[in-house]
Amino acid sequence: MFVEVVLPIPLADTYTYSIPPEMEKSVAPGIMVLVEFGKNKHYSGIIAYIHPIDPESRFEIKPIIAIESNQPVLRRPQIRFWEWLSHYYLCKLGEVYKAVLPSGFRTESSTNYKQKKETFVRFTEKYNDNNRLCEAFDLVKRAIKQEKLLLSYIECSKISGFEKKKEIKELSKKELLSKSGSNDTILNSLVEKGIFETYEKEISRLETYTHEIQPLNKLNPLQQEAYTGIVQSFREKDVCLLHGVTSAGKTEIYTHLIAETLKLNRQTLILLPEIALTAQITGRLKRFFGNKLGVYHSKVSDNERVEIWNNLLNDESYRIILGVRSSIFLPFRDLGLIIVDEEHEPSYKQQDPAPRYHARNAAIVLATMHSAKVVLGSATPSIESYFNAQTGKYGYVELNKRFEDTELPLITPVNVKELRRKKRMKSLFSPLLIEKMQEALENGEQILLFQNRRGFAPMISCKICDWTPKCRFCDVSLTYHKRYNQLTCHYCGSTYPIPSECPECGNKELKPQGFGTEKVEEEILQLFPETKVDRMDADTTKNKKSFEEIITRFEQGKTQILIGTQMISKGLDFEKVSLVGILNADSLMSFPDFRAYERAYQLMSQVSGRAGRRKKQGEVVLQTSHPEHPIIQTVLDHNYTGMYQTQIEERQLFHYPPFYRLININLKHKNEDLLKKMASEYANLLRNALGDRVMGPDKPPVSRIQSFHIQKILLKIEISASLNILHKILEDVRSRMLANSQYKYAIIQYDVDPV
Ligand SMILES: [Zn+2]
Ligand SMILES: [Zn+2]
């Protein structure tokens, strides 16, 4: 017998090994094994399957070195899911393995999972007998402190003999010492006298919920109708799009669906696009589901991730997992329901490294493997999902009234071009926005200000010759961060000092161009020096705590104004926000991408939706140089279908999703000339097979990252086309290109369904 093992190497999908006789009984799919690869390189791999045929290999087949897990670390459908991912997203199983399994499981990593241990205290065998307690007290008769500690122990552990065995509590040393007001020395005396002994015990890092579980909130009639609609649509369809305006109470509907799934003893996965959102929703769900809920995302430590993984493999006390996109990889036994909240969010797409999967789309495939149902929730659905609902592939349920009948916010456009000409702008703010801010602050209400750029200014430039500093490794202008007094590349993270003069013309006046959140914060503090202001962007939220702290401060009213990038647009609920300012709508519409208008609409509607709660209509001031632009008009009218109609027509006309499948082939090389030559040969070979479905090669907007030049070839493939045939063509061309020795240092990456 031989095994096929998945290794974290992107060469082949699996590698063949033989089974030493003494391990025959232990091998099974999902078991981790240690193997040798190449010369003296050792890897932890996962057995994908076992087969009896001697493979026709030219290579010597090595034996497995050791079995690393005494039970499978994967459940049955997982390997199948991995295979789908690697097939659809054009990568190797090893890349999936690397992305999926917490590194704590793997031997080659230095951060192997360590069990967390704590010291506990108990009676020695001799004194673990109620009849001998008197003897113990005799021993400490003259030592008051020791006697006190002994009494505390008996009290806290409930060991006195009246309680049932079940109720006796294990006491950690830490707890005992703190409850008895004692210390190490006193405890040690009791250990020396042979009364107590200490022992180590593995404990969990995961938080436990200790409050009382509450019953679910009753649904209001509209929510009830939507709930029934979803349940009915599930009789015929596996996926249902819940199109609910912001603050219509989608989460309430989710909780009822989860409760039903629990009754069937099946699991639920709730996907969120952003870690920032998990804290708020975790709090809400814990109230109803307590310790049945587990939370999984990249800011959970690797050790905690292993514990969650093991929990799902073993005792399964988690019935509901809430997490970001990587949670789709957890070892679920029997998923009954997957909820993808804010399904339109582009952060569901993994960019780098491979597998470049879309968690929403992958979740739908995963659901099929479990015979589970999927709810996609959004106030501004993606064009693709809305299309699938319109054409009957998905069920569709609308929830178009806000909770307690609050009206949708009133959005007022302000023409900043005009105001600038009349010199009426006060730096970044229009008179209307300033007036509304003053009003809101006087009423004790809160304000959100949205600017989709972080840093102080997107760039600085020379006042005379327009020179702008660029990253040495990437083809992008550097962002100016005033607080650190430096320039940063947002692509590779390199930082640079501010040049004292222009290297082109020697001029000493370099001035900031445009503005980011840091600049907004500075200006706001000048306008409203008495007001507490916070900022939420990638710079201020580098760790999990800071996210939660900013949100909590705002929720508790400790800050009045929150300035942020798209992070503040994603489904956060704040009760006292009455005003939202969109500072620069134009920057949202100018991305060179076919999704630019869809994204601009979604961002503006979502951030506007944060305004107004509890029977008070919110207000939005939208600053733009193009108030007449059709996308701005659809935002003002809350006209999602209007936006959808114009976009779906363009998509069809210009061969974009959902009518065509896009695949980007990114070619990278440090030598620009060689790369250009390769890209054009590559595109020609593809054209021979695929004709005018091949676009490019082109230089992408950012054409150099971390010293690698980039060329892009775009494929537009009919949705009905066979993926197997396509993949054969792609792999054929790829191997022909890589066989050419002059291109051997080139990097070739596929991005299927890019966003
Ligand atoms: Zn200059
Ligand atoms: Zn850079």
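Read the numbers this way: they start at 1 and go in the same order the structure lists the ligands and their atoms.
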Less than 6.0 angstrom from the centroid, inside 45 degrees of the normal: does K670 satisfy that with respect to the ring of F708? yes
Please determine, by modelled atom types, if E681 and Y743 share a side-chain donor-acceptor pair under 3.5 angstrom.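 Yes, side-chain donor-acceptor contact under 3.5 Å.
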What protein N/O/S atoms are found closer than 2.8 Å to the Zn ion (ligand 1)? C462 SG, C465 SG, C502 SG, C505 SG
Kindly indicate whether the side chain of H358, heavy atoms from C-beta on, has any atom under 4.5 Å from the side chain of V755. yes
Within the 2.8 Å cut-off the protein N, O or S neighbours of the Zn ion (ligand 2) are C471 SG, C474 SG, C489 SG, C492 SG
L715 and R661, any side-chain heavy atoms less than 4.5 Å apart: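 SC-SC contact between R661 and L715 ruled out.
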Evaluate whether atom OH of Y745 has more than 12 neighbouring non-hydrogen atoms of other residues, nucleotides or ligands under 6.0 angstrom away. no
For residues 744-755, which residue pairs qualify under salt bridge (charged side-chain N to carboxylate O under 4.0 Å, His left out), counting only residues two or more places apart or in two chains? K349-D751
Polar side chain donor-acceptor pair, S608 to S605, under 3.5 angstrom: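 No donor-acceptor contact under 3.5 Å links the two side chains.
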Excluding sequence neighbours, so at least two apart, what forms side chain to side chain contact (heavy atoms under 4.5 Å, CB included) with R704? D475, H709
Assess whether side-chain contact (heavy atoms from CB on, under 4.5 Å) is satisfied between L433 and V414, documenting all intermediate values. CA-CA 9 Å; L433 182 54; V414 175; over 6 Å; no
